[in-house]
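Per chain, numbering begins at 1; letters A, B, ... match sequence-line order.
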There are 2 protein chains.
Amino acid sequence: MEALPHSESPRVASALAILRANGERVTPARYAVLRVVEAADLSAEHLSADTIGARVSELEPTVHRATVYRTLTALTELGVLTHVHLAAAGTVYHLADPLPEAAAPTSRTSVTDHAHVQCVECGAVLDVPPSVLDEVAVWLRDALGFELDTSHAALLGRCRDCLR
Amino acid sequence: MEALPHSESPRVASALAILRANGERVTPARYAVLRVVEAADLSAEHLSADTIGARVSELEPTVHRATVYRTLTALTELGVLTHVHLAAAGTVYHLADPLPEAAAPTSRTSVTDHAHVQCVECGAVLDVPPSVLDEVAVWLRDALGFELDTSHAALLGRCRDCLR
DNA sequence: CTGCCTGCAAAGGATTTGCACTCAT
DNA sequence: ATGAGTGCAAATCCTTTGCAGGCAG
């Protein structure tokens with residue numbers, strides 16, 4: 001899986017490189033989780049741990065649900081994945097954007113990523129450029145000394161469709 | 001409990017009035033929940049359902065935890081309570097501000113209330129004037145037709161203390 | 001009196017953990 | 001070969017639900 005001319009996504013490849021660079025092992029479970037999350041990102045889906053588990057099962061039927069949870073945690077600590085807390089339904093995962101440099105410090109704070117808003121009625125998640133929160137970030141820093149992590153939590157409201 | 005010259009908080013009194021005006025019953029459980037939430041609001045605490053349950057037990061030892069959950073749901077539907085989803089730890093409750101007029105429509109959307117940010121490290125919750133999100137709200141409405149509910153979810157980041 | 005609201009107990013879903021074993025390095 | 005990762009199963013945590021009885025109106 002290493003010296004082969006692989007046709008896999010460059011993002012997954014870099015993620016694997018980061019794992020190796022950090023002395024982390026590349027296992028079927030981890031590889032599968034990365035492929036699932038990357039695929040979801042490409043189609044702008046937002047997957048929960050549970051759903052990721054289901055899709056991983058299709059690729060690697062022997063991988064246990066508990067392992068998926070542990071993998072998501074591990075990859076997040078490495079900075080390879082990020083997650084967003086949706087008030088109206090759990091936590092969803094993304095491949096970090098940008099991925100950390102080969103050497104991987106723990107817990108990125110202000111990844112470029114994107115911010116999210118979720119509709120309380122239909123649950124739809126909309127992506128928003130993080131710059132939309134720039135002024136809020138400035139206000140929080142100046143007034144409270146609070147450093148906003150733009151993409152870590154979703155704001156709530158009602159989407160166009162649900163407003164009728 | 002009705003014709004007595006009660007010295008209770010005017011806010012709790014109005015809340016009870018709203019219950020009655022809507023044909024809802026005023027029970028010891030509901031009264032206790034309202035007192036607990038109101039007290040927390042005064043000291044700017046943010047209480048989870050669980051914690052509210054614990055405090056209610058002190059006032060009314062026979063009130064069951066399940067009843068607290070049902071009460072919180074009922075009072076929220078009445079518009080007497082609001083809740084905020086904290087990504088880093090459940091849901092917390094407030095007395096609605098402003099309280100709905102005696103006639104109580106369901107589910108307030110844009111109460112004045114206040115917005116919240118939470119520190120991912122220490123869990124501290126900071127209150128923020130909702131106007132801080134005004135420009136975000138305008139952007140979301142214009143660009144996406146999305147109606148932001150300013151006070152329904154907390155944003156995440158790191159507070160001054162945890163930044164060192 | 002009536003039926004809304006409650007207590008109790010049990011179910012439920014999502015995530016975590018202890019342990020022994022396996023396989024990536 | 002060595003221990004980081006894993007599978008499995010059981011344990012938690014928080015919240016919800018079904019049911020019968022009790023109290024507010």
Study note, to complete from the structure: Residues pairing under ring-ring contact (aromatic ring centres under 6.0 Å, His included) where one sits in residues 141-164 of chain B, two or more places apart or in two chains, turn out to be B/His83-B/His152, B/His85-B/His152
**Study point:** Inter- and intrachain pairs under ring-ring contact (aromatic ring centres under 6.0 Å, His included), touching residues 38-67 of chain B, at least two apart
**Key:** B/His46-B/His94, B/His46-B/His116
Rounded interatomic separation in angstrom, taking [atom1] from [X] and [atom2] from [N]:
X       : N      : atom1 : atom2 : result
A/Tyr31 : D/dG5  : OH    : C1'   : 19 Å
B/Ile52 : D/dT15 : CD1   : C1'   : 14 Å
B/His83 : D/dC14 : NE2   : C1'   : 16 Å
B/Arg30 : C/dG7  : CZ    : P     : 11 Å
B/Leu72 : C/dC5  : CG    : P     : 15 Å

How close do [X] and [Y] get, counting heavy atoms only, and between which atoms?
X       : Y       : answer
B/Ala96 : B/Gly79 : CB-O, 3.1 Å
A/Val37 : A/Leu95 : CG1-N, 3.5 Å
A/Thr71 : A/Ala29 : OG1-CB, 4.5 Å

**Study point:** Between A/Ser48 and A/Thr51: side-chain donor-acceptor atoms closer than 3.5 Å
**Key:** yes
**Study point:** side-chain contact (heavy atoms from CB on, under 4.5 Å) partner of A/Val80, the single match among A/Asn22, A/Ile18, A/Val12, A/Val33
**Key:** A/Ile18
**Study point:** Option passing side-chain contact (heavy atoms from CB on, under 4.5 Å) with A/Arg11 (candidates A/Leu16, A/Asp97, A/Leu34)
**Key:** A/Asp97
Exercise for review: Flag the pair B/Asp113 / B/Thr150 as yes when at least one side-chain heavy-atom distance between them is below 4.5 Å, and no otherwise.
Suggested key: no
Check your understanding: Are any of the side-chain nitrogens in B/Arg160 or A/Glu147 under 4.0 Å away from the carboxylate oxygens of its partner?
Key -> no
Measure all distances between protein nitrogen or oxygen atoms and nitrogen or oxygen atoms of nucleotides 21-25 of chain D, and list the pairs falling under 3.5 Å.
from   : atom 1 : to      : atom 2 : distance (Å)
D/dG25 : OP1    : B/Val26 : N      : 3.3

Practice item. With axes from five pairs an end, tell me the bend angle of the helix from C/dC1-D/dG25 to C/dT25-D/dA1, nearest 10°. Key: 30°
Exercise for review: Sequence neighbours left out, what passes salt bridge (charged side-chain N to carboxylate O under 4.0 Å, His left out) with B/Glu60? Give chain and number order.
Suggested key: none
If you restrict it to nitrogen or oxygen atoms, what contacts under 3.5 Å exist between nucleotides 15-22 of chain C and the protein, and what is each distance?
from   : atom 1 : to      : atom 2 : distance (Å)
C/dT15 : OP2    : A/Tyr69 : OH     : 2.3
C/dT15 : O5'    : A/Tyr69 : OH     : 3.4
C/dG18 : O6     : A/Arg70 : NH1    : 3.2

